[in-house]
Amino acid sequence: MGKGKDGIEMRTNTLLAHSGNNPRDYFGFVNPPVVHASTVLYADAASMAGRSQKYTYGTRGTPTMDALTLAVDALEGSAGTIAVPSGLAAATVPPLAFLAAGDHLLIVDSVYHPTRHFADTMLKRLGVEVEYYEPRIGAGISSLIRPNTKVVFTESPGSNTYEVQDIPAIAKAAHEAGAIVMMDNTWATPLYFKPLDHGVDISIQAATKYPAGHSDVLLGLVSANETYWKQLYDGFCTLGCCSGPDDIYQVLRGLRTMGVRLEHHRKSALDIARWLEEQAAVAQVLHPALESHPDHALWKRDFCGSSGVFSIVLDGGGQKAQHAFLDALKIFGLGYSWGGYESLAVPVFLGDRTLAKGSYAGSLIRLQIGLEDVEDLKADIARGLAAAAAVE
């Protein structure tokens, strides 16, 4: 549930269909105009000096950007949202807006690799102390918090291995120490987990994935609560890291159908994950909605749905078996990203981690379950499993 037009309570799909803009503002046209803008003219010198009008320059917002960000605010329950050019930008802009030299950053060890690379390179060069923590630490994170800890960066479930974090417990410990909590919520989206309702201050998602949904646009979204919205927005404006209007419009259009698409992804992925648990060539299925997952109870407590992305562990064979599986696929594409209509498979690499390496019986493969028919996808996976099992 969320609040749509005129403060009316709406369920998810209604909210997705009707939030963000009012057709009456645009002569009754259902969709908002795509405003291409850099320069904005002022009515007079006084309004220019005081910057008293709503729009002042293209980087600081347009009606097209507002249509998307207001729709996302309705979903997130946030005070404000920024739209940036990629999911990675959504993960990097908030730390840049809130961290300074000498600050301490705690970041989950199962974080998205490009976010980790940003922390290990740019943030360290800027004088930020970066420390990784074990994904299942929960309230125990208080033992790692220092006087200079400014930000705790979370991602749940974790990239590729899908550890579920106890976000409320982490947020409580962080807030008691005066630290800000940021969360990459791309996997669940605000449809299946609302970070701000669980104590997170800043919610991050790669809109490239499910909001856009068609593998043809890059965009990131960052939403903040009332306490931190102004500082996030100021950082966004300072960096000049804004998105183009055509990309914003495509994501808004994708948002309208995200509910029905995500439900299809959810059902298909869970069906295939359960089937995979029965396959002899699979040692383990890493999907938090499965009862066999070690964090299933925590996932069930906090989440109201599951994503279309999960990983499998092959039963031995190493990299040769991993490559044989991938090369045998006919429907699944070999490509990074996910959230689009097409199914994808990628090899999983955990060599960058320091704490959450895990102990697995074989190599890992991440599957993105698209919108194809489930039986066709099962047949394709079966081809891959047979090829992996044949490796000597």
Side-chain angles (χ1 to χ4, degrees), residues 78-82 84 87-156 158-159 163-186 195-205 220 222-241 352-357:
S78 47
T81 294
I82 59 171
V84 293
L88 179 57
T92 60
V93 167
L96 288 172
F98 288 91
L99 288 166
D103 287 342
H104 177 234
L105 165 68
L106 282 170
I107 187 167
V108 64
D109 196 44
S110 54
V111 74
Y112 175 53
H113 174 73
T115 305
R116 184 187 202 102
H117 181 69
F118 163 75
D120 286 345
T121 54
M122 187 169 290
L123 288 184
K124 285 185 178 179
R125 287 202 304 269
L126 293 174
V128 175
E129 297 177 38
V130 177
E131 180 179 358
Y132 293 93
Y133 66 89
E134 204 280 326
R136 296 186 172 104
I137 198 169
I141 200 167
S142 59
S143 66
L144 301 180
I145 294 175
R146 307 175 190 170
N148 63 331
T149 302
K150 187 68 178 291
V151 170
V152 176
F153 194 104
T154 69
E155 181 179 333
S156 183
S159 279
E163 301 91 343
V164 180
Q165 291 193 258
D166 191 338
I167 297 296
I170 290 171
K172 183 175 184 292
H175 290 157
E176 286 174 352
I180 302 163
V181 181
M182 301 177 181
M183 178 179 176
D184 186 332
N185 189 44
T186 303
L196 273 60
D197 288 353
H198 292 81
V200 172
D201 300 300
I202 294 175
S203 175
I204 295 161
Q205 60 174 319
V222 188
S223 304
N225 59 20
E226 191 70 47
T227 303
Y228 295 109
W229 163 240
K230 184 180 185 303
Q231 188 170 344
L232 175 67
Y233 180 70
D234 287 348
F236 164 72
C237 292
T238 300
L239 290 166
C241 196
D352 59 330
R353 298 187 181 186
T354 56
L355 299 167
K357 289 181 179 291

Quick one: are [X] and [Y] in side-chain contact, heavy atoms under 4.5 Å?
{"X": "L144", "Y": "I137", "result": "yes"}
{"X": "F153", "Y": "L99", "result": "no"}
{"X": "L123", "Y": "P95", "result": "yes"}
{"X": "D120", "Y": "Y132", "result": "yes"}
{"X": "F118", "Y": "L96", "result": "yes"}
{"X": "Q165", "Y": "Y133", "result": "yes"}
{"X": "V93", "Y": "V222", "result": "no"}
{"X": "M183", "Y": "H198", "result": "no"}

Taking all non-hydrogen atoms of both residues, which atom of [X] and which atom of [Y] are closest, and how far apart?
{"X": "S142", "Y": "A173", "value": "CB-CB, 4.1 Å"}
{"X": "L196", "Y": "S223", "value": "CD1-O, 4.3 Å"}
{"X": "G199", "Y": "V181", "value": "O-CB, 4.4 Å"}
{"X": "A177", "Y": "I145", "value": "CB-CG2, 3.5 Å"}
{"X": "H104", "Y": "T149", "value": "ND1-OG1, 2.6 Å"}
{"X": "T186", "Y": "D184", "value": "OG1-OD1, 2.7 Å"}

Please round to the nearest 0.5 Å and tell me the distance separating atom [atom1] of [X] and atom [atom2] of [Y].
{"X": "I202", "Y": "N225", "atom1": "CD1", "atom2": "CG", "result": "7.0 Å"}
{"X": "S203", "Y": "N185", "atom1": "OG", "atom2": "CG", "result": "5.0 Å"}
{"X": "K172", "Y": "E176", "atom1": "NZ", "atom2": "CD", "result": "4.0 Å"}
{"X": "Y112", "Y": "I107", "atom1": "OH", "atom2": "CD1", "result": "12.5 Å"}
{"X": "L232", "Y": "S78", "atom1": "CG", "atom2": "OG", "result": "10.0 Å"}
{"X": "M182", "Y": "T154", "atom1": "CE", "atom2": "OG1", "result": "10.0 Å"}

Using a distance-only test with no angle check, is there a side-chain donor-acceptor pair under 3.5 angstrom linking H175 and D201? yes
Sequence neighbours excluded, the answer for salt bridge (Lys or Arg N to Asp or Glu O under 4.0 Å) partners of E226 is none
Determine whether a donor-acceptor pair (N or O, by modelled atom type, separation under 3.5 Å) exists between the side chain of [X] and the backbone of [Y].
{"X": "E155", "Y": "V108", "result": "no"}
{"X": "K150", "Y": "F98", "result": "yes"}
{"X": "N148", "Y": "G102", "result": "yes"}

State whether the number of non-hydrogen atoms from other residues, nucleotides or ligands found under 6.0 Å of K230 atom NZ is greater than 12. no
Contacts satisfying salt bridge (charged side-chain N to carboxylate O under 4.0 Å, His left out) that involve residues 93-103 (not counting sequence neighbours) are none
Check this for me: does any side-chain nitrogen of one of R136 and D166 sit under 4.0 Å from a carboxylate oxygen of the other? no
Picking from R353, K357, R116, what satisfies salt bridge (Lys or Arg N to Asp or Glu O under 4.0 Å) with D109? R116
